[in-house]
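Data first, discussion second: the structure below is written as C-alpha cells.
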Amino acid sequence: MSDVQAVKPVAPRTDVNKIGLTKNDYKGVPSTMCPGCGHDSISQGIISTFYELGIPPYQVVKLSGIGCSSKTPAYFLHPSHGFNAVHGRMPSVATGANVANRNLIVFGVSGDGDSASIGIGQMIHAIRRNTNMVYVVENNGTYGLTKGQFSATSDTGVPDHWGVKNDQTAIDLPMLAIISGCSFVGRAFSGDRKQMVPLLKAALAHEGCAFIDIMSPCVTFNDHPGSTKSYEYVKEHDEKLHDIDFIEEKSEIKIDYDEGSIRKVTLHDGSIITLKKLDTVDYDPSNKVNALKTLEEAYQKMEIVTGLIYFNESRKDLVSHLKLPKKPLIEFGEKDLRPSQQALGELMKSLK
Amino acid sequence: MAQKIVNDFSVRIATANGTGSQSANSTFFKALFRMGVCASAKNLFPSNIKGLPTWFQIRASRHGYSALKKHSEINILVNKDTYKKDHEDAAPHSIVIYDSAIMPEQDFNRRDLTYYPIPLTKIATESFDNARIRVLLKNIVYLGVVVELFKLDQEITEGVIRDTFSHKPKVVESNLKALHIGIDYVKNNVPKRDSYYYEKENTGRNNKKVVMEGNAATGLGFVYGGVTVMGWYPITPSSSLAESVIKYCEQYRVDSQGQNRFAIIQGEDEMASLGIVVGAGWAGARAMTCTSGPGISLMSEIAGLAYYAEIPVVIANVQRVGPSTGLPTRTQQSDIGMVANLSHGDTKHIMLFPANPKECFEFANESFDIAEQLQTPVFLMSDLDLGMNQWVCDEFDYPDKPYNRGKVVTEHDLKEMETFRRYFAGDEDQGIPSRTLPGTNHPLASYFTRGSGHDEDARYTEDAHVYWRNMKRLLKKFESSTQWLPKPVVEGQKGARIGFVAVGTSHDAVVESRDQLSQSGIKTKYLRLRSYPFHSDLHEFIDSCDQVIVVDQNRDAQLKELIQLSVANSEPKLLSLAYSDGLPLNAELLTQKTKELLNRE
C-alpha cells in the first residue's frame, strides 16, 4: 500500500490554507451542545474564520467564562491554548494574557449570562481599556446550562420555556458596548455564516476590543413561539445593515460590486471590509450617534440589527496605552527586569 | 531636678489628619535615626483625608525596643478637638506640651503633669501670611520646640528638612524658618522643667540601617523579583504598596525608547485585578496584585481557580481590622485563617509572613520563584503596622540569585518529547507538574486550562479516581513546598520550657515582653514563623516546650488554630494569647497576659 502511494505524483492539495493546514486542523473535540444549538454554528464559523485567514493556531488563546457558550472553546481550535475561567471573569483573564504576551491572538467567548449579568462590569471595563481581543457573546436570552432561567438580554414580556413572562427590561449588549467606548461593535446571527465569518475576520484584524453579539438560539429552552431569540424570530426580524465582505491585507483588492453602493473600511493591519448598501440605506458605522439611534429604533420595532454597527479606528489599544515594547513582556529575563546592585545601593543611601 | 533620662522615652503627638503633621513627625523620627538613637514610629491615623484626629508615637529606646509603648512620657497636643481626652489619657507624671493659643490654660489642671503651654497657632499666625502654610508649618514650630526643649539635634534636624525638600528650596526656607521660631520661642520664654533629653549616640547602631515603610519595601522586592504585570484596586492599607510598584517600575523599567517593561492595570475591582494577574501568570509573566481583607474576600473565587488550575500568582495582603469594613486604618492579623484555605472546596495556600521591611523586600523578591516553582498562588501576609509605618531596618542585600521560572516546557523541549501531559507529576516530582506557555509553537504544546475537573492531560472529566488522584497530588505538592519557603527564626534562653510562637509584626512586642518576663524569673524561648505550610522546625520547637504561647493579633486565635491543625498532638501544649484592638501590640500587655496564662500573677 505504501509502495503504491510512493510512486504516485503528489498532487497539490487544494484543501490547505496558506500555512499548509487543513480545516480539520482547526477543529476541536466533539461538541456536547444540544443538537441544533446555535453555538455549534458559531464554533463552525470560528473554525472557518481562522482556517481561511491561515492563522497559526498556536498563536491563538481562546478564553471563556462559565455557561453553555463558555464550553464551546473546547470545540474549535484544538491546537490553541484554552482557558475556561470562572463565571463572568473571562475579560480580566484575557486582559492579563494580552499584556503579558502581546503576540497572542486573544479570542474570548462569553454568553449573555456571563457578560450581561455576573460579568457585566468586566465586559464594560475590558471594552473601556480596549484590551486587544475579539469578544464574542453567544446570545440566546436564557441560562441554558442551568435549565432555562431568564437572562438579562431576555426581552420584556417574552415567555420562557414554561410560559412565564419576563417583566424585566432587556440589556442591548451592542448598545452598552458602544456607550462604554468600544472601538468595534458588530452583531451577527448564528444562522447566517456568510455575514458572521467576515465580521469575525474583521474583528481579528482590529487592534483593540472587537465586540460581536451573536444571536444564537437555544433549541432546548428558548426556541418556542413567543421567544424573540428563536430561529424563526431572528430570521424574520434580522435587519441587516449591509452585506459584509472581508478583504485580507496584501491580497489584491477586487471589488465586484458597483462602486457607488460600497463603503470601504480599512482596518489597522491594512485589510479592508466592504459594506454593501442594502435597499436605500447607506449605513455609516463610524457615526456613533446614528449607531445608537439605529439600535434604539430597531429595538422599538422588536427588530434585530446585524452587521458592523460601530467602528472607530482612532482609539489606542491597551498595549499601546501601556507603552509596551514590541517584545512581549514574558520574553524579558532577569537581566532586563532586575534593577542593578548600584541602583539598590543608591536607594539604600537615600533612605538614611 | 531628677536624673537625666536620655534616649529612652516616647513622645506622642496628637494632631488632626491632613494638616501636614506627618511631615513634621517624619522629620523628628528621621533626625533621631541620624543621631544614632534606636527609634521607632507608629502612626495611628483615621480613615479620613482631612480633619479627624491622628496620633503619632515616636519612641526612643536604650535597649533596642521598637514596639508601640503603652504610655508616652511626653505628649504634644496640637489638635483642638481631642485635647481634653488626650490630656485625660496622658500617663501619670508625664510631660504635656499644648497649643495654648487654642486650648484654655484652666483645662490643664492635673497636679502630676508637667505643662509647657506654647501658643503654637499664635506664633505660626504671626510669622506666616498664607493660611494654608500657617497650618502646615505650625507642626514644624512644635518640632522646633522639641529641638530646644529635648535637644533633638538641631543641625541634623535641619539636614533632614533640607534632604526631604531638596527639590523645593522655598519649602526648605519656610520650614527652617518655622523650626527656628519654635526654637527661639522656647529659648526666650520656656525654662526647662523636666529630665528628658535626646543625645547623639556613637555606637554605630544605625550605620547599616535604613528607614523605610513595609509597603515600599514590598513593592521594591516585587520589582527586583521581576514583576511585569500588576492588576490592583485601591484599598487602604495596600494602595501605597501598589504605588511603590508603580514608582519603582517607572524608575527602573522604562527602556531608552520610553517603553515600559511592565504593565500595570488598575482593575474595576479586586476580582478583575486578580483575574488580570491569573491571565498574565498563565501566559508566563511574573504577576502580582495587592489588597487588604475586603479585597481578599472578593478574590476568593479566582484564588481557588488559580489553586486548582495551578497558575502562579502572588497576592500581597496588607491586613487591616475586620470583620467587614472594620477599622480600615488600624492593624490586625485576622486574615490568616481565611487565606490558609481561601475559596470553596479543599483549597490550601502558601503564606509568607514578613516581620520587617527587609523581609518584605526579600519575601516579595522570592515570592515569584516560589509561585512559579510550585505553580500556585503565594500570599504575602503583611499588615498595616508593617506596611504603612516607617521602620528602621537593616539595609537590603542585593538579590543575585537567578530567577527560578519553574517547570516550563519549551518548544525546544517538546521536540524531544513524545507527549506532554500538563497535570502529570511522576514520583520524583513532588506533585509538581510541567506547563507550557500559550504561544509555544508546537503541536504538543496546547492544553485547556479550567477550574472544572480535569485529568492529567487537562481534559474535562468527572471520573472519581482521576479527581481524587489529582486532589492528592495537589496536597503532596503543597506539603512539599516547605523546602522552598523561609524557615522559622528561633531564639531563646537555654533550658527554657516556655515558648512563644508569633508571626510578623508581633515580633517587637514579643522580644520586649520576653525581657520583662525574664526579669520576673520567667525564662522563655521564641519561634517566629515566616511561612505556611509550617516547617518541621515548629514541630521540634513545640516538642521541646512544656507550654507554647501563640501570639495572635486577632480575636479568634487564628494562628494557634492553624498550628493546632498542622502539628499533630500539639493542642494540649498550646496556650492562646489572642488580642487585637487595632493598635500594634505593646509589651506590657503581652507580659501581663502571659503571666495570666501561666498563673504567675
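We name chains A, B, ... by the order of the sequence lines, and we start the count at 1 in each one. The figures that follow rest on heavy atoms only: side chains count, while hydrogens, waters and symmetry mates do not.
Heavy atoms closer than 4.5 Å to chain B are found in both the backbone and the side chain of A:Asp336. The contact between A:Lys62 and chain B is made entirely by side chain atoms (from C-beta outward), counting heavy-atom distances below 4.5 Å. For A:Ala74, the parts sitting under 4.5 Å from any heavy atom of chain B are the backbone and the side chain alike. Within the 4.5 angstrom heavy-atom criterion, atoms from both the backbone and the side chain of A:Pro73 approach chain B. Neither the backbone nor the side chain of B:Leu274 comes within less than 4.5 Å of any heavy atom in chain A. Using a 4.5 Å cut-off between heavy atoms, A:Leu63 touches chain B through its side chain atoms alone. Heavy atoms closer than 4.5 Å to chain B are found nowhere in A:Ile105, neither backbone nor side chain. Using a 4.5 Å cut-off between heavy atoms, A:His78 touches chain B through its backbone atoms (N, CA, C, O) alone. Contacts of A:Ser340 with chain B are made by backbone atoms alone, with heavy-atom separations under 4.5 Å and no side-chain atom involved. Neither the backbone nor the side chain of A:Ala94 comes within contact range of chain B; no heavy atoms are under 4.5 Å apart.
Residues passing the salt bridge (Lys or Arg N to Asp or Glu O under 4.0 Å) test with B:Asp255: none are found, sequence neighbours excluded. Residues passing the ring pair (Phe, Tyr, Trp, His ring centres under 6.0 Å) test with B:Tyr423 are B:His454, sequence neighbours excluded.
Nearest heavy-atom pair, B:Gly284 versus A:Ile330, reported as atom, atom and distance to 0.1 Å: C-CG2, 3.4 Å. Of all heavy-atom pairs spanning B:Val278 and A:Phe83, the tightest one is CG1-CZ, 3.8 Å. Considering all non-hydrogen atoms of both residues, A:Phe332 and B:Arg405 come closest at O-NH1, 4.4 Å. The shortest non-hydrogen separation linking A:Leu322 to B:Ile264 is CD2-O, 3.6 Å. Scanning all heavy atoms of the two residues, the minimum distance from A:Leu344 to B:Phe396 falls at CD2-O, 3.8 Å. For the residue pair B:Asn260 and A:Leu329, the shortest heavy atom distance occurs at O-CD2, 4.0 Å.
A:Leu347 has its side chain within reach of B:Tyr248: a pair of non-hydrogen atoms, C-beta onward, lies under 4.5 Å apart. A:Asn84 is not listed as a side-chain neighbour of B:Thr449, based on a closest heavy-atom distance of 4.5 Å or more. At a threshold of 4.5 Å between non-hydrogen side-chain atoms, the residues B:Leu305 and A:Arg89 do not count as touching.
Ion pair B:Glu395/A:Lys352 flagged as a salt bridge, since at least one NZ, NE, NH1 or NH2 atom sits closer than 4.0 Å to an Asp/Glu carboxylate oxygen.
For the pair B:Gln259 (side chain) and A:Lys323 (backbone), a donor-acceptor distance under 3.5 Å is absent.
When each of A:Ala97, A:Gly88, A:Ser80 is scored by its heavy-atom pairs under 4.5 Å with chain B, the top score falls to A:Ala97.
Sorted by first and then second residue, the pairs that involve residues 263-274 of chain B and meet salt bridge (Lys or Arg N to Asp or Glu O under 4.0 Å), not counting sequence neighbours, are A:Arg129-B:Glu268.
Residues of residues 437-447 of chain B having a heavy atom under 4.5 Å from any heavy atom of chain A, listed by number: B:Leu437, B:Pro438, B:Gly439, B:Thr440, B:Asn441, B:Ala445, B:Ser446, B:Tyr447.
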